[in-house]
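Worksheet: one structure, shown below.
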Amino acid sequence: MAAPPHHSLLILLTGLLVVAFLSTLAAAIYEDQVGLADWHQKYIGKVKQAVYHSQKSGRRRVVVLTEENVISSLDLRSGDIFWRHVIDKNDPLDQLSLSLGKYVLSLSSGGTILRAWNLPDGQMIWETNLQTSTSSNPQLHVLSNNKVAKDNLVLISAGRWMYAVSSIDGSISWEKEFSLDGLEIKQVLQSPESDIVYAIGIAGSSKLALYHLSAKTGEILKDIQESLPGGLCGETVLGSDNLLVALNKARSSLFLIDFKGDRISYNKVHISDLVQDLSGTFKLQTVSNGVIALQTFSTISLLKLKGTDGLEVVQRFDQPAAVSDALTISEKDDAFAIMQHVGSQIEFIVKFTNDVSSEIIRENVNIDQHRGNVEKVFLNSYIRTDKSHGFRALVVMEDHSLLLIQQGEVVWSREDGLASIVDVTTSELPVEKDGVSVADVEHNLFEWLKGHMLKLKGTLMLANADEVAAIQALRLKSSEKNKMTRDHNGFRKLLIVLTKAGKVMALHTGDGRIIWSNLLPSFRGSRFGGMPSALRIYQWQVPHHSIMRENPSVLVVGKSGAESSAPGVFSILDSYSGEELNSMRLDHSLVQIIPLTLKDLSEQRLHLIVDSNSNAHLYPKSPDSLNAFLHEMSNLYFYSVDIQTNVIRGYSLHKSCDVKGDEYCFSTKELWSIIFPSDSERIAITETRKMNEVVHTQAKIIGDHDVMYKYLSKNLVFVATVSPKAAGNIGSALPEEASLVAYLIDAVTGRILHRVTHHGAQGPVHAVLSENWVVYHYFNLRAHRFEMAVIEIYDQSRADNKDVMKLIVGKHNLSAPITSFARPEVAVKSQSYFFTHSVKAMSVTQTAKGITSKQLLIGTIGDQVLALDKRYLDPRRSANPTQQEKEEGIIPLTDSLPINPQSFVTHSHQVEALRGIVSIPAKLESTTLVFTYGVDLFYTQLAPSRTYDSLTDEFSYALLLITIVVLVAAIIFTWIWSEKKELRDKWR
């Protein structure tokens, strides 16, 4: 009898190859994989103050203070960030200065907090708290007079207080509170010849006060007060070392005030005598000693002082322009810069203050027209190789971007408007065109083979350093994530963002680069007020790519002013090019925007705009959209939330309208209202389901094989109210005075489906509503901890839909029409858990079909995004789950929610001043795209249930092919060896 074949070698070899094959399926993210599917961009916001620090050797830098409450040090050569600090919004920054050439001083919170930062690395050296009165214009002044500069003192004025603080250690040298009631110090300056400090303030609307103080001791040496006829508006500028220019209360005249003498003397000059056709708002700016600028939206007039005798117009610029402060060049010479628009260019002009009529530099600079007008200029000088003075300017544009201009060129630019995103939407990319050349196919095949051979060497740890770098480059290239066409997985999209400046930008999800940008003309206005505001951005037209050849478009909605009666503004843009297709100024106000699920025949989405008269206006105004709307009008309802009056109201729509001849205008009828008692409840937050949310199934099968039906009404509204005393910051109320009430309300009938009270709870409240559940976050004053609560609502009217025969014969009530007017039979389950972090924003993952498990996306106080599995917030969790509940996947109950460091989707990055989190479904059901914005931007791909429907990008096809070849060779070798062995056994 033949001996059995020997298979031990085959089994061993097969086992090793299977292990090697499975190793390619690892789900962990390694250090070199970070950045392949995500990106992080750092910004600082719109610059409002800049201070240069140019060394003869070493790094040249500029320290800036921005409207996003950021202090940052930028490389003057490249614009890169050396360091930055994002200060909390509750501590607004007021002013910035440099001291001793190595400290950055910042004044914040209305002059109450003074900090010193180390200039090279941004580390905080010291912090001093000051007691001041309420001030709208705190002053920070570094003493530079040689007689007192050796004491390293910094003067701070706010309200009627003045402090002298040492810039070395932050100790207070002296403090002074002036006795004049209502005094607010407007200007602080020092005498160049002595240690006298002049403090000039305004009390009330007409009294001017001048104080002479000793810089060393703070002693008041002289106190002069003068009442000016007609009063003052509070706006003042220094015209020279001894002259103050103040605007009168009617904003029609200027007071020229001499304050260096024994008494205050002044002269009054009418602005109309200087500038004939002045219109609109204007402001004054100090240019240099003896020269001031009068700025309007479109003009700048340079005015030269003739002592108190008057002013004369030296030069006028009739194009939109901006002027810089004076820059000291030598003991006798100061220079200043003017930027004005000339056609498609901007003109960079530098003048000496002692001869304003002549020019040192006049250069024309080409600039992107979508940046708008120049708003601020900060001048700096440098020494050329021929020992002459060269000039460069840091320029802040209307779109909040930052440019450095030198020698007629833009050296670098920063798109810091992206630090102030107000809304986000998405757009699909174009479909890739058919037709590929044979050469491209051969080249791609060669690159494919080369790439997988390199990956194989990397897997077997045979690659050198250059090959590892090549592998990394090939990963980025082979992912094709940066192509401008859509992919079959739906990862490549356009993120279309709207900024506070009214600029729309399209970012590619592959690497975050800007594809196009457009500063909308409809939302541009005066820099001094009355500027239109862009409110929201929506998808306007989303053509089906296989039917229509038109590009998709987006709608930007805004208001032409701050008043509630201000007319609305529309702008429609092409999603692929950014071109403005249409813009209109509406003939009615804009109070509420309601995007509808309806479309017309051209795939344009319908929107309702509710005005201040409670009329609803339909857009787009076309017969197709009107027919589609009228067909569904009886089923359309909406609600409004008035936080000021503490009322929620529900409305229906009717055909008639007060506006005659407008068939696209509809009147509204109030159906219900809920008035919350203002003495016990204040509305804190309202939330609804996302309009585009997809729910895979209504039924939820629990562990005992019973079926629970989710209550999936899109009319469900979550409302949270807090007691008035608990509406402030944490700790503003005692536990006995604080409470939070959560409501689930039907928006059609106003019926309250569920109400729960949390005693001793306080805001801020953050919430997210999805499917049939809502999760909200608040602070528990009794436990001194944050909590997250969950409410799930189920439809009991379908509880008998468990008989298969009823489904077969059609007697189940799933086929019955559903109406919100029928009183629903609902069951509610709720639970609350302790949570470690304070929360800034909350969202939930969205997928294409709604099959993948949900994860909560939580923006923490540390400016990171945590992905928390919804299973941890299951109200059915218990301390000792049954075996059936364990099989269902219910997690045992704990008092707090777990925080896994690996669950932070932002990895080690921080999205500074995080404001919003957006989840975008990909075509691949397992994956969602997450975009987070604040001062920074972060994008990544997230798979809540892992990538169960695809192979990862790291899957090695080369190793799979080699595995198959080796297995086939091993089988053939073993079969031949077995045949030979069997033949030898037979010959024995």
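Counting begins at 1 with the first residue of the sequence.
Judged by distance alone, the side chain of Gln285 and the main-chain N or O of Val323 form a donor-acceptor pair under 3.5 Å. Looking only at distances, no side-chain donor or acceptor of Asp80 sits under 3.5 Å from a matching main-chain atom of Asp75. Put simply, the side chain of His909 never gets that close to the backbone of Trp39: no donor and acceptor are under 3.5 Å apart. Trp126 places a side-chain N or O within 3.5 Å of a backbone atom of Ser167 that can act as its donor or acceptor partner. Remark: the backbone N or O of Ser344 is paired with a side-chain donor or acceptor of Gln369 at under 3.5 angstrom. A donor-acceptor pair is defined here as one N or O able to donate and one able to accept, closer than 3.5 Å; such a pair exists between the side chain of Thr128 and the backbone of Gly170. A side-chain donor-acceptor contact under 3.5 Å links Gln49 to the backbone of Leu96. Under the 3.5 Å distance criterion, the side-chain polar atoms of Tyr52 are matched with a main-chain donor or acceptor of Phe378. With hydrogens and angles ignored, the 3.5 Å screen pairs a side-chain donor or acceptor of Arg384 with a backbone N or O of His389. Under a 3.5 Å cut-off, the side chain of Ser108 and the backbone N or O of Asp91 do not form any donor-acceptor pair.
Atoms CD1 and CD, from Ile300 and Gln295 in turn, are 4.0 Å apart once rounded to the nearest 0.5 Å.
A donor-acceptor contact closer than 3.5 angstrom is absent between the side chains of Gln340 and Asp318. Neither side chain, Asn373 nor Glu375, offers a donor N or O lying under 3.5 Å from an acceptor on the other.
Leu404 has its side chain out of reach of Val62: every pair of non-hydrogen atoms, C-beta onward, lies at least 4.5 Å apart. Lys306 has its side chain out of reach of Lys304: every pair of non-hydrogen atoms, C-beta onward, lies at least 4.5 Å apart. Leu402 has its side chain within reach of Trp412: a pair of non-hydrogen atoms, C-beta onward, lies under 4.5 Å apart. Leu98 places none of its side-chain heavy atoms less than 4.5 Å from the side chain of Val142. No side-chain heavy atom of Val197 sits less than 4.5 Å from a side-chain heavy atom of Leu189. Residues Gln139 and Leu155 fail the side-chain proximity criterion, which asks for heavy atoms closer than 4.5 Å. With a 4.5 Å cut-off on side-chain heavy atoms, Val374 and Pro320 do not count as touching. Between Val291 and Val314 the shortest side-chain heavy-atom distance does not fall below 4.5 Å.
With sequence neighbours left out, Ile224 forms a side-chain contact (heavy atoms from CB on, under 4.5 Å) with Leu210, Lys222, Ile264. In terms of the side-chain contact (heavy atoms from CB on, under 4.5 Å) criterion, residue partners of Gln406 (sequence neighbours excluded) are, by chain and number, Tyr382, Arg392, Val411. Residues forming a side-chain contact (heavy atoms from CB on, under 4.5 Å) with Pro92 (at least two apart in sequence, or on another chain): Asn69, Ser109.
Of the charged side-chain nitrogens involved, at least one lies within less than 4.0 Å of a carboxylate oxygen, so that Arg371 and Glu415 count as a salt-bridged pair. A salt bridge does not link Glu68 with Lys46: every distance from a Lys NZ or Arg NE/NH1/NH2 to an Asp or Glu carboxylate oxygen is 4.0 Å or more. The pair Lys376-Glu398 does not meet the salt-bridge criterion, since no charged nitrogen lies less than 4.0 angstrom from a carboxylate oxygen. One finds a salt bridge joining Arg251 and Glu235 here, because a Lys/Arg side-chain nitrogen approaches an Asp/Glu carboxylate oxygen to under 4.0 Å.
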Steps toward side chain to side chain contact (heavy atoms under 4.5 Å, CB included) verdict (Thr236, Phe255) | CA-CA 9 Å; Thr236 63; Phe255 285 105; over 6 Å; no
Walk me through it: do Ser301 and Leu274 pass the test side chain to side chain contact (heavy atoms under 4.5 Å, CB included)?
-> CA-CA 9 Å; Ser301 298; Leu274 300 171; over 6 Å; no
Going through the checks in order, is the side chain to side chain contact (heavy atoms under 4.5 Å, CB included) test met by Asn129 and Ile113?
-> CA-CA 5 Å; Asn129 293 311; Ile113 301 177; 3.6 Å; yes
Show the numbers, then the answer: is there a side chain to side chain contact (heavy atoms under 4.5 Å, CB included) between Met162 and Val188?
-> CA-CA 10 Å; Met162 181 173 284; Val188 176; 3.7 Å; yes
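Crowding of Lys102 atom NZ: a count of heavy atoms from other residues, nucleotides or ligands under 6.0 Å not exceeding 12. Other residues, nucleotides and ligands contribute over 12 non-hydrogen atoms within 6.0 Å of the NZ atom of Lys48.
Considering every non-hydrogen atom in both Ile156 and Leu130, the closest pair reads CG2-CD1, 3.9 Å. For the residue pair Asp416 and Gly45, the shortest heavy atom distance occurs at CB-O, 3.4 Å. Closest non-hydrogen pair, Lys176 versus Leu213, comes out as CG-CD2, 4.3 Å. For Gln187 against Val237, the heavy-atom pair with the smallest separation is NE2-CA, 3.9 Å. The two residues Glu912 and Asp863 come nearest to each other via the heavy atoms OE1-OD2, 3.4 Å. Nearest approach of Arg414 to Tyr43, heavy atoms of both residues: NH2-CA, 3.6 Å.
By the 30° and 60° cut-offs, the orientation of the rings of His212 relative to Tyr198 is perpendicular. Taking the six-membered ring where tryptophan is involved, the planes of Tyr163 and Trp161 are essentially parallel, since the angle between them stays under 30° and well short of 60°.
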